Amino acid sequence: MSNEHLNAADELSKLKYLNITADETSEDRLSPTRLRVGTSKTDDIYRQKRQTKHIMSKNEVFLNPKYFDNEDYDPQTYLNDILHDATEEEFVSLYNKLLRIHMGVRKNLEKNFYKNLNEYVFISSEVNNLSQELGRYKSLLGVLEENIERLSLVELSQHPSDENLKRSMRRLETVIDGCNEEFWKSPNRSLITKQGRWTLINPRNQRVRLIANLYLFNDCILLTSSHSLDKEKKIKEQTLYQWNLIDSTISPIETTEQVDDDAISNLDKDTNLSYVTVMCNKNVFVLGNSNLEERDFFIRQTRQYQAQQLLEHTQKRVDDTQLKLELEHFIKEEQANLSSYTSFQLLCKTIDSPLLLQSYAFKREILQDLFEQFNQLDNFISLRRYSDAIHILNLLRNRLQRERIQQLLSDFLMDKLEYKTEELKELFLHQIGFPGIGVTQGKQLVKYLRSIGFENDARKEFFKSREKQLKQKYYNVQWEKDISNLVTTSSFIVFRYMAHITRLYTQMFEIKKPDSLYRNWLYCQVENLVFFIENQYKGYPRDKSYAEAISKITTYTTELKNMKLDISPILQRLL
(Lines give C-alpha, C1' and ligand atoms only; values in the text may rest on other atoms or scores of the structure.)
Protein backbone atom coordinates (compact mmCIF):
# COMPACT_ATOMS: atom_id res chain seq x y z
CA MET A 1 0.00 0.00 0.00
CA SER A 2 1.34 3.43 -0.97
CA ASN A 3 2.09 6.23 1.44
CA GLU A 4 -0.73 8.45 0.00
CA HIS A 5 -3.29 5.80 0.87
CA LEU A 6 -1.89 5.49 4.37
CA ASN A 7 -2.05 9.25 4.93
CA ALA A 8 -5.66 9.38 3.73
CA ALA A 9 -6.59 6.55 6.06
CA ASP A 10 -4.84 8.33 8.94
CA GLU A 11 -6.80 11.55 8.31
CA LEU A 12 -10.08 9.64 8.25
CA SER A 13 -9.23 7.91 11.53
CA LYS A 14 -8.34 11.27 13.10
CA LEU A 15 -11.81 12.66 12.30
CA LYS A 16 -13.42 9.62 13.86
CA TYR A 17 -11.44 10.05 17.06
CA LEU A 18 -12.56 13.67 17.36
CA ASN A 19 -16.23 12.57 17.42
CA ILE A 20 -15.83 10.10 20.26
CA THR A 21 -18.38 10.68 23.14
CA ALA A 22 -17.49 11.52 26.73
CA ASP A 23 -18.40 8.11 28.12
CA GLU A 24 -16.00 6.25 25.82
CA THR A 25 -13.05 6.69 28.12
CA SER A 26 -11.54 3.26 27.71
CA GLU A 27 -7.86 3.41 26.86
CA ASP A 28 -8.26 0.54 24.39
CA ARG A 29 -11.10 2.21 22.55
CA LEU A 30 -9.26 5.51 22.26
CA SER A 31 -5.85 4.01 21.72
CA PRO A 32 -4.02 5.57 18.78
CA THR A 33 -2.73 2.11 17.72
CA ARG A 34 -5.82 1.73 15.59
CA LEU A 35 -4.52 4.46 13.31
CA ARG A 36 -1.62 2.45 12.23
CA VAL A 37 -1.54 -0.43 9.79
CA GLY A 38 1.56 -2.59 10.18
CA THR A 39 2.76 -6.01 9.64
CA SER A 40 3.00 -6.72 13.35
CA LYS A 41 0.29 -5.65 15.75
CA THR A 42 2.47 -6.29 18.80
CA ASP A 43 5.23 -4.03 17.51
CA ASP A 44 2.74 -1.26 16.83
CA ILE A 45 1.36 -1.48 20.38
CA TYR A 46 4.81 -1.22 21.98
CA ARG A 47 5.78 1.58 19.71
CA GLN A 48 2.58 3.50 20.44
CA LYS A 49 3.04 3.10 24.21
CA ARG A 50 6.52 4.52 23.97
CA GLN A 51 5.25 7.46 21.97
CA THR A 52 2.35 8.05 24.42
CA LYS A 53 4.74 7.95 27.38
CA HIS A 54 6.95 10.49 25.66
CA ILE A 55 3.95 12.72 24.88
CA MET A 56 2.57 12.53 28.46
CA SER A 57 5.99 13.46 29.87
CA LYS A 58 6.23 16.31 27.40
CA ASN A 59 2.77 17.70 28.34
CA GLU A 60 3.13 17.02 32.07
CA VAL A 61 3.25 20.71 32.87
CA PHE A 62 0.05 21.37 30.94
CA LEU A 63 -1.83 18.60 32.76
CA ASN A 64 -0.93 19.76 36.26
CA PRO A 65 -4.17 20.90 38.11
CA LYS A 66 -2.28 23.87 39.52
CA TYR A 67 -1.90 25.15 35.96
CA PHE A 68 -5.69 25.51 35.67
CA ASP A 69 -5.84 27.33 39.06
CA ASN A 70 -3.67 30.13 37.76
CA GLU A 71 -5.46 33.49 37.78
CA ASP A 72 -4.10 34.23 34.28
CA TYR A 73 -5.44 30.97 32.83
CA ASP A 74 -7.05 31.42 29.41
CA PRO A 75 -8.47 28.41 27.51
CA GLN A 76 -7.56 29.76 24.06
CA THR A 77 -4.03 30.58 25.08
CA TYR A 78 -3.73 27.18 26.72
CA LEU A 79 -4.70 25.34 23.53
CA ASN A 80 -2.44 27.50 21.37
CA ASP A 81 0.54 26.83 23.61
CA ILE A 82 0.08 23.09 23.80
CA LEU A 83 -1.12 22.31 20.30
CA HIS A 84 0.70 24.71 18.02
CA ASP A 85 3.32 22.10 17.08
CA ALA A 86 1.62 18.92 18.37
CA THR A 87 1.49 15.82 16.26
CA GLU A 88 -1.51 13.65 15.78
CA GLU A 89 -0.41 11.26 18.49
CA GLU A 90 0.21 14.11 20.92
CA PHE A 91 -3.17 15.61 20.15
CA VAL A 92 -4.99 12.33 20.76
CA SER A 93 -2.98 11.63 23.91
CA LEU A 94 -3.73 15.05 25.33
CA TYR A 95 -7.39 14.69 24.48
CA ASN A 96 -7.62 11.34 26.25
CA LYS A 97 -5.82 12.67 29.29
CA LEU A 98 -8.03 15.75 29.55
CA LEU A 99 -11.10 13.61 29.07
CA ARG A 100 -10.08 11.32 31.93
CA ILE A 101 -9.38 14.32 34.14
CA HIS A 102 -12.77 15.77 33.22
CA MET A 103 -14.64 12.57 34.06
CA GLY A 104 -12.74 12.17 37.31
CA VAL A 105 -13.52 15.69 38.36
CA ARG A 106 -17.16 15.24 37.41
CA LYS A 107 -17.49 12.11 39.53
CA ASN A 108 -15.75 13.79 42.42
CA LEU A 109 -18.10 16.73 42.15
CA GLU A 110 -21.12 14.45 42.24
CA LYS A 111 -19.76 12.59 45.25
CA ASN A 112 -18.87 15.81 47.00
CA PHE A 113 -22.33 17.27 46.31
CA TYR A 114 -24.17 14.42 48.06
CA LYS A 115 -21.55 14.29 50.77
CA ASN A 116 -21.79 18.03 51.37
CA LEU A 117 -25.59 17.85 51.32
CA ASN A 118 -25.63 15.21 54.05
CA GLU A 119 -23.08 17.13 56.03
CA TYR A 120 -25.15 20.32 55.62
CA VAL A 121 -28.27 18.62 56.95
CA PHE A 122 -26.33 17.19 59.86
CA ILE A 123 -24.65 20.52 60.61
CA SER A 124 -28.00 22.38 60.41
CA SER A 125 -29.55 20.11 63.03
CA GLU A 126 -26.46 20.47 65.18
CA VAL A 127 -26.57 24.25 64.82
CA ASN A 128 -30.25 24.27 65.82
CA ASN A 129 -29.50 22.16 68.88
CA LEU A 130 -26.51 24.34 69.64
CA SER A 131 -28.62 27.52 69.45
CA GLN A 132 -31.09 26.05 71.93
CA GLU A 133 -28.27 25.03 74.22
CA LEU A 134 -26.78 28.51 73.92
CA GLY A 135 -30.15 30.06 74.82
CA ARG A 136 -30.43 27.90 77.92
CA TYR A 137 -26.82 28.60 78.76
CA LYS A 138 -27.41 32.34 78.40
CA SER A 139 -30.48 32.13 80.63
CA LEU A 140 -28.55 30.20 83.24
CA LEU A 141 -25.77 32.77 83.09
CA GLY A 142 -28.31 35.55 83.70
CA VAL A 143 -29.78 33.73 86.68
CA LEU A 144 -26.31 32.93 87.97
CA GLU A 145 -25.22 36.54 87.58
CA GLU A 146 -28.30 37.77 89.42
CA ASN A 147 -27.87 35.23 92.22
CA ILE A 148 -24.18 36.03 92.56
CA GLU A 149 -24.96 39.74 92.71
CA ARG A 150 -27.60 39.20 95.37
CA LEU A 151 -25.48 36.82 97.40
CA SER A 152 -22.47 39.11 97.32
CA LEU A 153 -24.29 42.35 98.10
CA VAL A 154 -27.63 42.05 99.89
CA GLU A 155 -30.14 39.61 101.22
CA LEU A 156 -33.43 39.82 99.37
CA SER A 157 -36.77 38.83 100.82
CA GLN A 158 -39.09 36.10 99.63
CA HIS A 159 -42.23 36.53 97.63
CA PRO A 160 -44.86 38.60 99.50
CA SER A 161 -47.20 35.64 99.66
CA ASP A 162 -44.58 33.41 101.20
CA GLU A 163 -44.83 32.62 104.88
CA ASN A 164 -41.11 33.38 105.21
CA LEU A 165 -41.76 36.99 104.25
CA LYS A 166 -44.43 37.34 106.92
CA ARG A 167 -42.02 36.02 109.50
CA SER A 168 -39.34 38.37 108.16
CA MET A 169 -41.69 41.36 108.49
CA ARG A 170 -42.55 40.31 112.04
CA ARG A 171 -38.84 40.10 112.89
CA LEU A 172 -38.26 43.56 111.44
CA GLU A 173 -41.11 44.91 113.54
CA THR A 174 -39.32 43.69 116.65
CA VAL A 175 -36.02 45.23 115.50
CA ILE A 176 -37.13 48.63 114.12
CA ASP A 177 -38.93 51.23 116.18
CA GLY A 178 -40.65 54.40 115.04
CA CYS A 179 -43.16 52.97 112.51
CA ASN A 180 -46.84 52.59 113.25
CA GLU A 181 -48.63 49.24 113.24
CA GLU A 182 -50.28 49.89 109.89
CA PHE A 183 -46.84 50.03 108.27
CA TRP A 184 -46.10 46.42 109.25
CA LYS A 185 -49.62 45.14 108.61
CA SER A 186 -49.81 46.40 105.03
CA PRO A 187 -50.57 43.26 102.97
CA ASN A 188 -48.79 44.52 99.83
CA ARG A 189 -45.58 45.73 101.46
CA SER A 190 -42.50 43.53 101.10
CA LEU A 191 -38.80 43.91 101.90
CA ILE A 192 -36.53 44.06 98.85
CA THR A 193 -33.08 44.97 100.13
CA LYS A 194 -31.28 45.75 103.38
CA GLN A 195 -27.88 47.44 103.39
CA GLY A 196 -25.86 48.53 106.41
CA ARG A 197 -22.89 50.79 106.97
CA TRP A 198 -24.32 53.78 105.14
CA THR A 199 -23.07 57.19 106.20
CA LEU A 200 -25.50 60.07 106.58
CA ILE A 201 -23.67 63.29 105.65
CA ASN A 202 -24.52 66.83 106.70
CA PRO A 203 -24.12 68.71 103.38
CA ARG A 204 -23.84 72.08 105.14
CA ASN A 205 -20.70 71.37 107.15
CA GLN A 206 -19.61 68.20 105.33
CA ARG A 207 -19.55 66.25 108.57
CA VAL A 208 -20.66 62.71 109.19
CA ARG A 209 -23.85 62.77 111.15
CA LEU A 210 -24.15 59.04 111.89
CA ILE A 211 -23.89 55.54 110.52
CA ALA A 212 -27.26 54.20 109.34
CA ASN A 213 -29.00 51.27 107.70
CA LEU A 214 -31.11 51.42 104.54
CA TYR A 215 -34.19 49.24 104.07
CA LEU A 216 -35.70 49.20 100.60
CA PHE A 217 -39.33 48.09 100.48
CA ASN A 218 -41.37 47.81 97.33
CA ASP A 219 -43.07 51.14 98.09
CA CYS A 220 -40.77 53.09 100.42
CA ILE A 221 -37.28 53.47 101.90
CA LEU A 222 -36.48 53.39 105.60
CA LEU A 223 -33.33 55.00 107.01
CA THR A 224 -32.68 53.73 110.52
CA SER A 225 -29.94 54.09 113.08
CA SER A 226 -27.31 51.37 113.12
CA HIS A 227 -27.95 50.22 116.69
CA SER A 228 -28.19 46.45 116.87
CA LEU A 229 -30.89 44.85 118.94
CA ASP A 230 -29.68 44.37 122.49
CA LYS A 231 -31.87 41.82 124.25
CA GLU A 232 -30.82 42.97 127.69
CA LYS A 233 -31.19 46.72 127.15
CA LYS A 234 -33.89 46.24 124.50
CA ILE A 235 -32.38 48.86 122.18
CA LYS A 236 -33.96 48.93 118.74
CA GLU A 237 -33.05 50.60 115.49
CA GLN A 238 -34.76 53.98 115.38
CA THR A 239 -36.47 55.12 112.21
CA LEU A 240 -34.84 58.37 111.08
CA TYR A 241 -36.59 58.94 107.76
CA GLN A 242 -39.28 57.22 105.74
CA TRP A 243 -39.30 58.14 102.05
CA ASN A 244 -42.09 57.22 99.67
CA LEU A 245 -40.71 55.81 96.42
CA ILE A 246 -43.14 57.72 94.24
CA ASP A 247 -42.17 61.06 95.82
CA SER A 248 -38.43 60.37 96.01
CA THR A 249 -35.52 60.79 93.60
CA ILE A 250 -32.25 58.97 94.25
CA SER A 251 -29.17 59.88 92.18
CA PRO A 252 -25.46 59.05 92.37
CA ILE A 253 -22.92 61.84 92.82
CA GLU A 254 -20.01 61.16 90.49
CA THR A 255 -18.73 64.75 90.34
CA THR A 256 -19.68 67.79 92.37
CA GLU A 257 -20.58 69.67 89.18
CA GLN A 258 -23.62 67.41 88.73
CA VAL A 259 -25.52 69.04 91.60
CA ASP A 260 -26.91 72.57 91.59
CA ASP A 261 -27.22 72.91 95.35
CA ASP A 262 -24.31 75.00 96.62
CA ALA A 263 -23.96 73.08 99.86
CA ILE A 264 -23.75 69.76 98.03
CA SER A 265 -21.46 71.19 95.38
CA ASN A 266 -19.03 72.24 98.09
CA LEU A 267 -18.94 68.71 99.48
CA ASP A 268 -15.40 67.39 99.61
CA LYS A 269 -15.48 63.94 98.13
CA ASP A 270 -13.97 61.31 100.32
CA THR A 271 -12.02 58.88 98.22
CA ASN A 272 -13.33 56.03 100.40
CA LEU A 273 -17.02 56.90 100.00
CA SER A 274 -19.43 56.83 97.06
CA TYR A 275 -22.24 59.36 97.47
CA VAL A 276 -25.92 59.50 96.54
CA THR A 277 -28.57 62.18 97.01
CA VAL A 278 -32.13 61.46 98.02
CA MET A 279 -34.65 64.22 97.25
CA CYS A 280 -38.06 63.91 98.88
CA ASN A 281 -40.62 66.66 99.54
CA LYS A 282 -38.09 69.38 98.54
CA ASN A 283 -35.58 68.08 101.11
CA VAL A 284 -32.15 66.83 100.08
CA PHE A 285 -30.26 64.09 101.91
CA VAL A 286 -26.70 62.95 101.20
CA LEU A 287 -25.61 59.38 101.90
CA GLY A 288 -22.26 57.69 101.41
CA ASN A 289 -21.20 54.07 101.09
CA SER A 290 -17.71 52.65 101.07
CA ASN A 291 -18.70 49.99 98.54
CA LEU A 292 -19.34 51.39 95.07
CA GLU A 293 -21.02 48.17 93.89
CA GLU A 294 -23.42 48.18 96.83
CA ARG A 295 -24.32 51.81 96.17
CA ASP A 296 -24.98 51.21 92.46
CA PHE A 297 -26.97 48.07 93.18
CA PHE A 298 -29.17 49.90 95.68
CA ILE A 299 -29.78 52.68 93.16
CA ARG A 300 -30.73 50.18 90.45
CA GLN A 301 -33.10 48.32 92.74
CA THR A 302 -34.66 51.56 93.96
CA ARG A 303 -35.25 52.88 90.46
CA GLN A 304 -36.66 49.56 89.30
CA TYR A 305 -39.29 49.43 92.05
CA GLN A 306 -39.86 53.16 91.78
CA ALA A 307 -40.77 52.72 88.12
CA GLN A 308 -43.01 49.82 89.08
CA GLN A 309 -44.72 51.91 91.75
CA LEU A 310 -45.20 54.80 89.33
CA LEU A 311 -46.72 52.46 86.79
CA GLU A 312 -49.04 50.94 89.39
CA HIS A 313 -49.93 54.39 90.68
CA THR A 314 -50.76 55.61 87.19
CA GLN A 315 -52.78 52.50 86.49
CA LYS A 316 -54.54 52.91 89.82
CA ARG A 317 -55.46 56.48 88.96
CA VAL A 318 -56.87 55.32 85.65
CA ASP A 319 -58.74 52.49 87.36
CA ASP A 320 -60.04 54.84 90.06
CA THR A 321 -61.30 57.25 87.42
CA GLN A 322 -63.03 54.39 85.63
CA LEU A 323 -64.51 53.14 88.90
CA LYS A 324 -65.68 56.62 89.80
CA LEU A 325 -67.39 57.06 86.42
CA GLU A 326 -69.11 53.70 86.77
CA LEU A 327 -70.21 54.45 90.30
CA GLU A 328 -71.49 57.90 89.33
CA HIS A 329 -73.47 56.38 86.49
CA PHE A 330 -75.07 53.77 88.72
CA ILE A 331 -75.83 56.24 91.49
CA LYS A 332 -76.90 59.38 89.68
CA GLU A 333 -79.19 57.65 87.23
CA GLU A 334 -81.65 57.52 90.15
CA GLN A 335 -81.01 61.10 91.23
CA ALA A 336 -84.53 62.26 90.36
CA ASN A 337 -86.04 59.54 92.56
CA LEU A 338 -83.52 59.10 95.38
CA SER A 339 -82.15 62.62 95.85
CA SER A 340 -84.10 63.01 99.11
CA TYR A 341 -82.64 59.79 100.57
CA THR A 342 -79.87 60.18 103.13
CA SER A 343 -77.87 57.31 101.66
CA PHE A 344 -77.88 58.96 98.24
CA GLN A 345 -76.65 62.28 99.62
CA LEU A 346 -73.85 60.63 101.64
CA LEU A 347 -72.77 58.53 98.69
CA CYS A 348 -72.55 61.56 96.40
CA LYS A 349 -70.43 63.42 98.97
CA THR A 350 -67.94 60.56 99.43
CA ILE A 351 -67.79 59.27 95.86
CA ASP A 352 -64.12 60.39 95.56
CA SER A 353 -63.13 58.59 98.75
CA PRO A 354 -60.33 56.03 98.18
CA LEU A 355 -61.97 53.75 100.73
CA LEU A 356 -65.26 53.82 98.85
CA LEU A 357 -63.56 53.23 95.49
CA GLN A 358 -61.53 50.41 96.99
CA SER A 359 -64.68 48.82 98.40
CA TYR A 360 -66.40 49.19 95.04
CA ALA A 361 -63.40 47.67 93.23
CA PHE A 362 -63.33 44.75 95.68
CA LYS A 363 -67.02 43.96 95.04
CA ARG A 364 -67.12 45.30 91.50
CA GLU A 365 -68.51 42.21 89.79
CA ILE A 366 -71.17 41.68 92.45
CA LEU A 367 -72.26 45.33 92.36
CA GLN A 368 -72.39 45.41 88.58
CA ASP A 369 -74.55 42.31 88.64
CA LEU A 370 -76.85 43.94 91.20
CA PHE A 371 -77.18 47.10 89.12
CA GLU A 372 -77.91 44.97 86.06
CA GLN A 373 -80.70 43.24 87.97
CA PHE A 374 -82.12 46.65 88.88
CA ASN A 375 -82.17 47.53 85.17
CA GLN A 376 -83.97 44.26 84.44
CA LEU A 377 -86.50 45.14 87.14
CA ASP A 378 -87.21 48.48 85.45
CA ASN A 379 -87.63 46.76 82.09
CA PHE A 380 -90.06 44.19 83.49
CA ILE A 381 -92.12 46.91 85.16
CA SER A 382 -92.31 48.99 81.98
CA LEU A 383 -93.33 45.89 79.99
CA ARG A 384 -95.94 44.96 82.66
CA ARG A 385 -94.26 41.63 83.26
CA TYR A 386 -95.12 41.81 86.92
CA SER A 387 -94.37 38.19 87.77
CA ASP A 388 -90.78 38.56 86.51
CA ALA A 389 -90.47 41.92 88.26
CA ILE A 390 -91.50 40.43 91.61
CA HIS A 391 -89.07 37.53 91.09
CA ILE A 392 -86.18 39.95 90.49
CA LEU A 393 -87.31 42.01 93.48
CA ASN A 394 -87.12 39.03 95.81
CA LEU A 395 -83.74 37.98 94.39
CA LEU A 396 -82.32 41.44 95.01
CA ARG A 397 -83.61 41.51 98.58
CA ASN A 398 -82.07 38.11 99.36
CA ARG A 399 -78.72 39.01 97.77
CA LEU A 400 -78.45 42.32 99.60
CA GLN A 401 -79.06 40.56 102.88
CA ARG A 402 -76.51 37.86 102.05
CA GLU A 403 -73.68 39.81 100.38
CA ARG A 404 -71.14 41.68 102.50
CA ILE A 405 -70.98 45.08 100.84
CA GLN A 406 -69.58 48.34 102.17
CA GLN A 407 -72.17 49.94 104.47
CA LEU A 408 -72.70 53.09 102.44
CA LEU A 409 -73.22 51.14 99.21
CA SER A 410 -75.43 48.65 101.01
CA ASP A 411 -77.65 51.42 102.42
CA PHE A 412 -77.96 53.02 99.00
CA LEU A 413 -78.94 49.74 97.35
CA MET A 414 -81.44 48.94 100.09
CA ASP A 415 -83.03 52.37 99.70
CA LYS A 416 -83.12 51.87 95.95
CA LEU A 417 -84.75 48.48 96.43
CA GLU A 418 -87.35 49.96 98.78
CA TYR A 419 -88.08 52.69 96.26
CA LYS A 420 -88.61 50.15 93.49
CA THR A 421 -90.79 48.06 95.78
CA GLU A 422 -92.84 51.12 96.69
CA GLU A 423 -93.16 51.99 93.04
CA LEU A 424 -94.45 48.53 92.24
CA LYS A 425 -96.80 48.60 95.22
CA GLU A 426 -98.33 51.94 94.18
CA LEU A 427 -98.85 50.59 90.70
CA PHE A 428 -100.75 47.55 92.01
CA LEU A 429 -102.79 49.60 94.50
CA HIS A 430 -103.79 52.03 91.79
CA GLN A 431 -105.16 49.16 89.71
CA ILE A 432 -107.01 47.70 92.70
CA GLY A 433 -108.75 51.03 93.21
CA PHE A 434 -110.08 51.03 89.64
CA PRO A 435 -113.92 50.68 89.79
CA GLY A 436 -114.21 48.39 86.80
CA ILE A 437 -111.59 45.86 87.86
CA GLY A 438 -112.50 42.23 87.25
CA VAL A 439 -112.27 39.37 89.71
CA THR A 440 -109.42 37.59 87.89
CA GLN A 441 -107.28 40.71 87.60
CA GLY A 442 -108.02 41.75 91.17
CA LYS A 443 -107.10 38.32 92.48
CA GLN A 444 -103.76 38.45 90.63
CA LEU A 445 -102.99 41.92 91.99
CA VAL A 446 -103.67 40.75 95.53
CA LYS A 447 -101.25 37.85 95.00
CA TYR A 448 -98.57 40.27 93.81
CA LEU A 449 -99.04 42.50 96.81
CA ARG A 450 -99.09 39.53 99.15
CA SER A 451 -95.78 38.25 97.71
CA ILE A 452 -94.02 41.55 98.42
CA GLY A 453 -95.62 41.92 101.86
CA PHE A 454 -98.36 44.49 101.21
CA GLU A 455 -101.60 42.52 101.53
CA ASN A 456 -102.91 44.79 104.30
CA ASP A 457 -102.24 47.79 102.08
CA ALA A 458 -104.28 46.06 99.40
CA ARG A 459 -107.22 45.74 101.82
CA LYS A 460 -106.92 49.38 102.87
CA GLU A 461 -106.85 50.53 99.26
CA PHE A 462 -109.83 48.33 98.46
CA PHE A 463 -111.86 49.79 101.34
CA LYS A 464 -110.78 53.35 100.56
CA SER A 465 -111.67 53.20 96.89
CA ARG A 466 -115.03 51.44 97.49
CA GLU A 467 -116.03 53.91 100.19
CA LYS A 468 -115.42 56.72 97.76
CA GLN A 469 -117.49 54.95 95.13
CA LEU A 470 -120.35 54.40 97.58
CA LYS A 471 -120.51 58.06 98.48
CA GLN A 472 -120.48 59.03 94.84
CA LYS A 473 -123.37 56.70 94.13
CA TYR A 474 -125.82 57.89 96.78
CA TYR A 475 -124.73 61.51 96.67
CA ASN A 476 -125.20 61.65 92.93
CA VAL A 477 -128.80 60.42 93.02
CA GLN A 478 -130.96 62.90 91.16
CA TRP A 479 -132.61 65.26 93.62
CA GLU A 480 -136.29 64.52 94.16
CA LYS A 481 -138.94 66.86 95.52
CA ASP A 482 -140.20 64.00 97.65
CA ILE A 483 -137.57 63.26 100.29
CA SER A 484 -138.85 59.72 100.83
CA ASN A 485 -138.21 58.86 97.19
CA LEU A 486 -134.65 60.29 97.44
CA VAL A 487 -133.89 58.27 100.55
CA THR A 488 -135.28 55.01 99.29
CA THR A 489 -133.53 55.35 95.93
CA SER A 490 -130.16 56.10 97.55
CA SER A 491 -130.56 53.22 100.01
CA PHE A 492 -131.43 50.79 97.27
CA ILE A 493 -128.29 51.73 95.32
CA VAL A 494 -126.09 51.55 98.41
CA PHE A 495 -127.22 48.12 99.56
CA ARG A 496 -127.05 46.61 96.09
CA TYR A 497 -123.51 47.96 95.66
CA MET A 498 -122.54 46.71 99.12
CA ALA A 499 -123.58 43.21 98.13
CA HIS A 500 -121.47 43.49 94.97
CA ILE A 501 -118.47 44.76 96.95
CA THR A 502 -118.80 41.89 99.40
CA ARG A 503 -118.70 39.26 96.68
CA LEU A 504 -115.74 40.99 94.99
CA TYR A 505 -113.83 41.20 98.26
CA THR A 506 -114.21 37.53 99.12
CA GLN A 507 -113.18 36.45 95.64
CA MET A 508 -110.20 38.80 95.29
CA PHE A 509 -108.73 37.95 98.69
CA GLU A 510 -109.75 34.28 98.37
CA ILE A 511 -111.73 33.95 101.59
CA LYS A 512 -114.96 32.01 102.17
CA LYS A 513 -116.78 34.71 104.12
CA PRO A 514 -116.17 38.33 105.04
CA ASP A 515 -113.59 38.74 107.77
CA SER A 516 -113.68 41.11 110.72
CA LEU A 517 -111.91 43.89 108.81
CA TYR A 518 -114.50 43.87 106.12
CA ARG A 519 -117.38 43.68 108.62
CA ASN A 520 -116.13 46.73 110.49
CA TRP A 521 -115.74 48.62 107.25
CA LEU A 522 -119.24 47.60 106.09
CA TYR A 523 -120.85 48.62 109.38
CA CYS A 524 -119.13 51.97 109.12
CA GLN A 525 -120.61 52.47 105.64
CA VAL A 526 -124.12 51.61 106.89
CA GLU A 527 -123.71 54.17 109.68
CA ASN A 528 -122.76 56.75 107.07
CA LEU A 529 -125.98 55.89 105.21
CA VAL A 530 -128.03 56.29 108.40
CA PHE A 531 -126.38 59.65 109.05
CA PHE A 532 -127.23 60.67 105.48
CA ILE A 533 -130.93 59.75 105.95
CA GLU A 534 -131.14 61.57 109.26
CA ASN A 535 -129.76 64.71 107.68
CA GLN A 536 -132.28 64.53 104.87
CA TYR A 537 -135.19 64.41 107.35
CA LYS A 538 -133.69 66.94 109.69
CA GLY A 539 -136.35 69.62 110.43
CA TYR A 540 -139.13 67.58 108.86
CA PRO A 541 -141.80 65.65 110.77
CA ARG A 542 -141.43 61.84 110.73
CA ASP A 543 -144.90 61.08 109.43
CA LYS A 544 -146.39 58.09 107.66
CA SER A 545 -144.24 58.58 104.55
CA TYR A 546 -141.12 58.40 106.71
CA ALA A 547 -142.24 55.10 108.26
CA GLU A 548 -142.99 53.65 104.86
CA ALA A 549 -139.55 54.70 103.57
CA ILE A 550 -137.77 53.09 106.52
CA SER A 551 -139.79 49.90 106.11
CA LYS A 552 -138.81 49.76 102.43
CA ILE A 553 -135.14 50.34 103.24
CA THR A 554 -135.20 47.38 105.61
CA THR A 555 -136.23 45.08 102.78
CA TYR A 556 -133.13 46.09 100.83
CA THR A 557 -130.86 44.38 103.36
CA THR A 558 -132.00 40.87 102.50
CA GLU A 559 -129.06 40.18 100.20
CA LEU A 560 -126.58 41.21 102.91
CA LYS A 561 -128.36 39.04 105.46
CA ASN A 562 -127.92 36.07 103.16
CA MET A 563 -124.20 36.76 103.32
CA LYS A 564 -124.47 36.69 107.13
CA LEU A 565 -124.02 40.42 107.45
CA ASP A 566 -126.67 41.64 109.87
CA ILE A 567 -127.00 45.43 109.81
CA SER A 568 -130.43 45.60 111.50
CA PRO A 569 -129.08 46.98 114.83
CA ILE A 570 -127.68 49.98 112.99
CA LEU A 571 -130.91 50.61 111.08
CA GLN A 572 -132.87 50.57 114.36
CA ARG A 573 -131.62 54.09 114.93
CA LEU A 574 -133.96 55.26 112.15
CA LEU A 575 -137.08 53.93 113.87
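Scope of the values below: all heavy atoms of this structure, side chains included, with no hydrogens, waters or symmetry mates. This structure is a prediction, so every number in the text was calculated from the model and none was measured.
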Tell me whether [X] is salt-bridged to [Y], with the criterion being a basic N under 4.0 Å from an acidic carboxylate O.
X: R189; Y: D219; answer: yes
X: E534; Y: K538; answer: no
X: R459; Y: D515; answer: yes
X: K425; Y: E422; answer: yes

How about [X]: does its [atom1] atom have over 12 heavy atoms from other parts shown lying under 6.0 Å from it?
X: M279; atom1: CE; value: no
X: E510; atom1: CD; value: yes
X: R402; atom1: CZ; value: yes
X: R496; atom1: CZ; value: no

### Summary
In terms of heavy-atom contacts, S451 and I390 come closest through OG-CG2, 3.4 Å
### Message
Using every non-hydrogen atom in the two residues, find where L522 and L565 come nearest and quote the distance to one decimal.
### Response
CD2-CD1, 3.2 Å
Does [Y] offer a backbone N or O that forms a donor-acceptor pair with the side chain of [X] under 3.5 Å?
X: N218; Y: S190; answer: yes
X: T350; Y: L346; answer: yes
X: Q195; Y: E294; answer: yes

### Message
Side chains of L427 and H430, heavy atoms from C-beta outward: is any pair under 4.5 Å?
### Response
no
### Task
Kindly state whether the ring of F285 and the ring of W243 have centres lying under 6.0 angstrom apart.
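Ring centroids of F285 and W243 are less than 6.0 Å from each other.
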### Query
Can the positive tip of K420 be found less than 6.0 Å from the middle of the six-membered ring of F374, inside 45° of the ring normal?
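So K420 doesn't make the cation-pi contact.
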